[in-house]
Protein chains: 2
Amino acid sequence: MTARLRAIGQLRAAGKRLTPERELLLEILASNPHLDAMEIHRIARKEEPRISLATVYRTLSLFEELGVVRACGLGEAHAHYEVRHDDHLHLVCSECGRIIDLPSPVPLRKLAESEGFRIERIRLELIGLCDACAKKRDAKSGKDA
Amino acid sequence: MTARLRAIGQLRAAGKRLTPERELLLEILASNPHLDAMEIHRIARKEEPRISLATVYRTLSLFEELGVVRACGLGEAHAHYEVRHDDHLHLVCSECGRIIDLPSPVPLRKLAESEGFRIERIRLELIGLCDACAKKRDAKSGKDA
DNA sequence: ATGGCTGCAAACACTTTGCATCGGC
DNA sequence: GCCGATGCAAAGTGTTTGCAGCCAT
């Protein structure tokens with residue numbers, strides 16, 4: 001419940017309007033841990049049959065921008081392929097798209113298996129800036145400021 | 001180089017044909033760590049201008065099936081949304097789709113930052129079977145066998 | 001009342017599929 | 001020669017965008 005009110009505050013703070021559609025989507029998101037856009041639309045239609053899928057996407061993207069929700073399960077929107085090898089970490093640079101492989105030194109399997117979870121595949125991506133891009137960005141923001 | 005030969009063996013073992021297109025894609029994959037289908041197609045065209053994007057997709061999907069390559073950056077092909085909270089691990093059940101959240105107890109930030117990588121966001125998914133589905137599958141395979 | 005928000009539909013990007021032809025086995 | 005693999009183009013998905021009207025502020 002609190003999450004919903006906080007989100008409304010964030011909307012107003014950003015000078016955005018609070019529409020019935022946004023309230024509805026907020027409510028749906030707050031009470032469902034993991035949904036994709038289509039599912040959200042389907043649920044929303046029950047309450048508000050005229051709501052469009054475009055609005056769902058626009059609203060989700062707004063919410064993500066405001067930090068209300070987070071998108072997961074999607075990296076750069078399409079698949080990359082690599083020759084198969086063991087579990088590893090990907091360091092994905094959100095600036096230049098560079099992908100750095102690391103062998104996984106963390107005890108993930110043990111961790112998950114303590115939950116009774118049987119791991120088939122590990123996918124870990126740390127999204128951020130590689131050394132070079134971080135420095136570039138620092139230099140630029142120094143200029144801009 | 002060995003990877004290429006092993007892949008050819010896997011093709012033959014699976015009763016699949018070794019075509020120039022497949023050889024070419026294998027070569028490209030072996031010498032490039034991370035490519036998407038379009039990039040692979042673009043590179044392949046330099047060598048074999050008549051190769052089609054459809055063949056690239058079909059071949060990648062075959063290779064993935066054979067375990068020659070692995071697709072990454074794609075989960076269930078589209079994004080899921082959840083109300084934002086701190087970094088966490090997702091345990092994704094590949095059977096029932098259930099997603100279990102865990103607070104992240106692993107020192108990922110430290111690890112990546114030692115590479116000079118500045119993390120903006122952590123995404124970790126351990127794909128496998130949750131306790132219930134693992135047991136269900138065990139029971140079934142016991143029956144099948 | 002005015003500008004942001006909406007629905008609708010068309011556009012988009014990536015991937016898959018149907019069909020006739022081609023070529024590895 | 002047979003059947004699988006290919007190229008081409010069209011269809012399919014999930015997502016984004018242009019536009020005219022609408023409604024929260």
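Values below: every heavy atom of this structure, side chains too, minus hydrogens, waters and symmetry copies. In what follows, every chain begins at residue 1, and chains take the letters A, B, ... in the order their sequences are listed.
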What pairs with A:R45 under side chain to side chain donor-acceptor pair (under 3.5 Å), at least two apart in sequence or on another chain? A:H41
When every non-hydrogen atom of A:L24 is compared with those of A:A44, the smallest separation belongs to CD2-O, 3.6 Å
Can you give me every donor-acceptor pair (side chain of residues 46-55 of chain A, partner residue at least two apart or in another chain, under 3.5 Å) with its distance?
unit_1	atom_1	unit_2	atom_2	d
A:S52	OG	A:T55	N	3.1
A:S52	OG	A:T55	OG1	3.1

Spacing between B:E21 atom CD and C:dC22 atom P, to the nearest angstrom: 14 Å
Taken to the nearest whole Å, CZ/B:R45 to C1'/D:dG7 is 10 Å
In whole angstroms, how far is the C1' atom of C:dC5 from the CD1 atom of A:I51? 11 Å
Phosphate OP1/OP2 of D:dA5: any B:R22 side-chain N/O under 4.0 Å: yes
Within the distance-only criterion (no hydrogens, no angle test), does the side chain of A:Q10 pair as donor or acceptor with the backbone N or O of A:L66 below 3.5 angstrom? yes
If the condition is side chain to side chain contact (heavy atoms under 4.5 Å, CB included), which residues does A:A13 pass it with, not counting sequence neighbours? none
Whole-Å distance, B:M38 CE to C:dT16 P, equals 12 Å
Separation of atom NE2 in B:H41 from atom C1' in D:dA9, rounded to whole Å: 13 Å
Quick one: label B:L53 by what it contacts on the DNA or RNA (base, sugar-phosphate, nothing), any heavy atom closer than 4.0 Å. base
Is any side-chain heavy atom of A:L25 closer than 4.5 Å to one of A:L60? no
Review item, nucleotides 18-20 of chain C N/O atoms under 3.5 Å of protein N/O:
unit_1	atom_1	unit_2	atom_2	d
C:dG18	O6	B:R58	NH1	3.3

For B:P49 and for B:G15, locate the closest nucleotide of DNA chain D by heavy-atom distance; then report the residue assigned to the nucleotide nearer the 5' terminus. B:G15
Expressed as a whole number of angstroms, how long is the span from A:E65:CD to C:dC5:P? 11 Å
Taken to the nearest whole Å, CZ/B:R50 to P/C:dT21 is 14 Å
How many whole angstroms separate atom CG of B:L62 from atom P of C:dT17? 14 Å
Sequence neighbours excluded, which residues qualify as side chain to side chain donor-acceptor pair (under 3.5 Å) partners of A:E23? A:R4
Distances for protein N or O near nucleotides 23-25 of chain D N or O, under 3.5 Å:
unit_1	atom_1	unit_2	atom_2	d
D:dA24	O3'	A:L18	O	3.4
D:dT25	OP1	A:L18	N	3.3

Residue pairs, two or more places apart or on separate chains, that pass side chain to side chain donor-acceptor pair (under 3.5 Å) and touch residues 11-21 of chain B: B:T19-B:E21
Got A:M38 and A:V56 here, is their nearest side-chain heavy-atom distance under 4.5 Å? no
